[in-house]
Amino acid sequence: MSFDGSIFVIVALIMFLIGFIGFIKSQSAIRMLIAVEIMINSANINFAVFALYNDTSFVTGHVAVLISIALAAAEAAIGLGLILSIYRSHGTVDATDFVEFKG
Amino acid sequence: MAFLFPTELFEALDYLVLILLIGYTLGSALLAVSVKSIYHAVLWLIFSLLGVAMMFLFYAESSFLLVVQIIVYAGGITVLMLFAISLSGKEAMFEKSKGWKLMDWRLNLAGGFILFSIAVYIITQVSSTFWSITEEELSTRPGTVVNEAGNIVSFDEAEMIQRLASELFTVHGGTVILLGLLLLATMLGSVYLVKKEVEDL
């Protein structure tokens with residue numbers, strides 16, 4: 001505990017930007033999911049580290065991280081199921097080729 | 001061995017470990033979104049997730065979150081991704097590179113400026129807002145282990161896991177039930193999405 005946790009805000013910010021830029025610039029749908037996982041993890045770092053400082057029972061942030069991990073698992077399962085289903089019908093996983101889903 | 005070395009050395013090592021861990025996590029994340037092969041991207045994602053798990057252990061004092069992160073993320077989701085890549089053919093393994101030019105350069109500039117402003121705002125808000133609790137206040141809470149000099153040594157792991165369990169099933173009990181329903185719906189939905197079309201049914 002020789003340093004405060006404020007450096008983790010900056011770490012999480014950089015990690016979120018890495019995920020965000022990766023999400024924007026990627027063409028593959030699987031890599032988009034990877035970028036989303038990175039963004040979710042950057043938020044989890046903040047929840048877990050802040051829980052030590054601003055929470056009287058220390059653990060509410062940890063509960064939030066557990067819920068977020070379960071949500072991320074559900075999101076990955078559904079996302080990969082969608083990608084496999086689209087691959088079967090269209091023969092591609094390239095998100096820029098999914099032109100039929102345009103609104 | 002601790003009396004042989006000055007305490008400043010240990011503090012410097014603390015900082016060194018922090019910087020190495022941050023570099024490991026952010027470097028792996030950067031490689032995960034930039035390498036050409038999607039297989040390698042998933043492998044770099046595993047390293048980035050392990051770095052986040054180490055942050056949970058060292059700086060959030062929670063070995064339980066470390067275990068959950070390794071089992072669910074590094075062990076579960078990444079294997080799911082590797083299977084999805086294997087099942088979706090050869091062209092899924094490499095990304096077609098179409099260059100960085102996504103839109104007009106003026107829009108790029110405006111987007112970059114907005115991102116930069118958000119980053120500067122967050123960094124300037126960090127110091128005053130979040131760290132309102134001093135170490136003295138922290139050391140008087142239950143679960144904190146303090147030595148004779150009054151410095152915080154560690155947090156009682158067993159007590160924290162016990163408190164996490166009791167809070168998870170009392171205060172946040174409804175959320176746990178909702179999560180169970182969500183995971184059930186996810187399981188059924190993904191089975192419905194990927195099942196083969198059977199003509200006879």
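Everything numeric in this text was worked out from a predicted model, so none of it was measured. The sequence lines fix the lettering, A, B, ..., with proteins before strands; numbering per chain opens at 1.
Note on B/T78, B/V35, B/L49: by heavy-atom pairs under 4.5 Å with chain A, the leading option is B/V35.
Residue contact with chain A, scored on non-hydrogen atoms closer than 4.5 Å, involves the backbone and the side chain of B/M81 alike. Contact annotation for B/L164: both backbone and side-chain heavy atoms come within less than 4.5 Å of a heavy atom of chain A. Contacts of B/V42 with chain A are made by both backbone and side-chain atoms, with heavy-atom separations under 4.5 Å. B/L26 touches chain A through backbone and side chain together, each having a heavy atom under 4.5 Å away. Interface remark: B/L65 contributes side-chain atoms only to the contact with chain A (heavy atom separation under 4.5 Å). Only the side chain of A/L17 has a heavy atom closer than 4.5 Å to any heavy atom of chain B. Both the backbone and the side chain of B/L80 come within contact range of chain A, each with at least one heavy atom under 4.5 Å from a heavy atom of that chain. Interface residue B/I85: backbone and side-chain heavy atoms are both found under 4.5 Å from chain A.
The main-chain N or O of B/S88 is never found under 3.5 Å from a side-chain atom of A/R88 such that the two would form a donor-acceptor pair.
Residues of residues 69-76 of chain B placed with any heavy atom under 4.5 Å of a heavy atom in chain A are listed by number as B/Q69, B/V72, B/Y73.
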Taking distance alone, no hydrogens or angles, what donor-acceptor pairs closer than 3.5 Å link side-chain atoms of residues 74-87 of chain A to residues at least two apart or in another chain?
none

